[in-house]
Amino acid sequence: MQAKTLLVPAEPYAFELKPAECALLIIDMQRDFLEPGGFGEMLGNDVSQLRRTIEPNRRLLAAWRAAGLLAMHTREGHRPDLSDLPPSKKIRGRSATTIGDVGPMGRILVRGEPGHDIIPELYPAPGEPVIDKPGKGAFHATDLHSILQHRGITQLVVTGVTTEVCVNTTVREANDRGYDCLVPEDCVGSYFPEFQEMGLKMIKAQGGIFGWVTGSPSVIAAIGDA
Ligand code: TIU
């Protein structure tokens, strides 16, 4: 029997979503990036630009779970001994407080610390894989590709933060590994409005060079028919 395909209106053209082969991948919705008083805000960033993605992600995740589809989560961070932290990443930015130092919500971007964990609104449910990644891309130095292959996943709906950094890097890595990526624009956020706009344009330009862009209501409407 032919696997079911759902047509999601998108740019540059409709995305053919195959529910049995499609995973929702929520990137780095961590307290340190999103919560007032966290590392992101400490660096001078406007966290409200990211916080507007929480409610759309919550609705999409709820619909995704209700449709019985695979949801996955990532967290950017490092081992407590920092052995997986490149020295270049440790010193980049010349900030007085950097990764591994004690910040407002525990040691910054260190696994097991409060600020490293996912915000309560989008907390992973039992059985939903969580990928701990040391880099910006979710495929670099992780078992994400293996987990997706074992489950027969060929498509990803990618959401989270930030649009031009970890979301774009992950979409590009996925594209080179043969996955089709759909990005709901209301579910991704950047501290910088101009990067939000360009980050999305870069994905869908040239006939969808890295993937497709849509809005989460279109995805929710489609999987409601799954
Ligand atoms: N998750 C992610 O995007 N990590 C970053 O460091 N993003 C910034 O925009 N800095």
Side-chain angles (χ1 to χ4, degrees), residues 24-54 56-57 61 72-79 82 84-101 103-111 113-119 121-124 129-142 144 156-175 181 183-203 210-211:
L24 173 63
L25 184 64
I26 305 179
I27 304 288
D28 299 357
M29 293 293 279
Q30 293 162 256
R31 297 183 62 200
D32 249 334
F33 291 126
L34 285 126
E35 291 195 350
F39 180 52
E41 191 174 77
M42 197 184 85
L43 292 176
N45 293 309
D46 175 9
V47 294
S48 70
Q49 295 288 342
L50 305 194
R51 295 193 63 78
R52 61 162 187 78
T53 70
I54 296 174
N57 266 295
L61 179 58
M72 302 182 64
H73 310 256
T74 72
R75 299 184 294 201
E76 180 177 349
H78 298 274
R79 296 169 183 251
L82 305 183
D84 61 351
L85 175 63
S88 59
K89 187 176 179 182
K90 170 72 178 165
I91 62 171
R92 187 76 51 80
R94 297 177 172 172
S95 175
T97 310
T98 65
I99 296 167
D101 295 341
M105 290 191 283
R107 292 180 68 204
I108 294 163
L109 295 191
V110 169
R111 294 175 193 156
E113 299 289 330
H116 170 265
D117 211 356
I118 292 172
I119 57 170
E121 296 92 329
L122 297 172
Y123 211 74
V130 177
I131 304 293
D132 278 319
K133 62 186 187 61
K136 304 306 183 194
F139 288 86
H140 169 68
T142 73
L144 174 61
L156 298 171
V157 173
V158 185
T159 75
V161 299
T162 62
T163 308
E164 79 280 15
V165 182
C166 292
V167 172
N168 245 276
T169 305
T170 297
V171 166
R172 289 167 188 232
E173 287 182 329
N175 185 68
C181 293
V183 179
E185 58 190 346
D186 52 328
C187 292
V188 296
S190 168
Y191 295 121
F192 310 97
E194 66 270 37
F195 292 166
Q196 170 76 2
E197 186 190 347
M198 288 303 165
L200 291 165
K201 276 189 176 167
M202 281 188 229
I203 291 167
F210 297 122

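When a ligand or atom number is given, it counts from 1 through the structure's own listing order.
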Inset, instruction - Quick one: pull up CG in Asp32 and CZ in Phe39 and give me the separation to the nearest 0.5 Å. - result: 7.0 Å
Legend entry - Heavy-atom neighbours of Arg92 CZ exceed 12 at 6.0 Å: no
Legend entry - Test side chain to side chain donor-acceptor pair (under 3.5 Å) applied to Glu76 and Lys136, Gln30, His116, the passing residue: Lys136
Legend entry - Short N-O contact, Arg75 and Asp117, less than 4.0 angstrom: yes
Legend entry - Minimum side-chain heavy-atom gap Pro124-Ile118 below 4.5 Å: yes
Legend entry - Donor + acceptor pair across side chains of Lys90, Thr98 (<3.5 Å): yes
Inset, instruction - Mind jotting down which protein residues get a heavy-atom contact under 4.0 Å with ligand 1? Chain and number order, please. - result: Asp28, Phe33, Glu76, Lys136, Val161, Thr162, Val165, Cys166
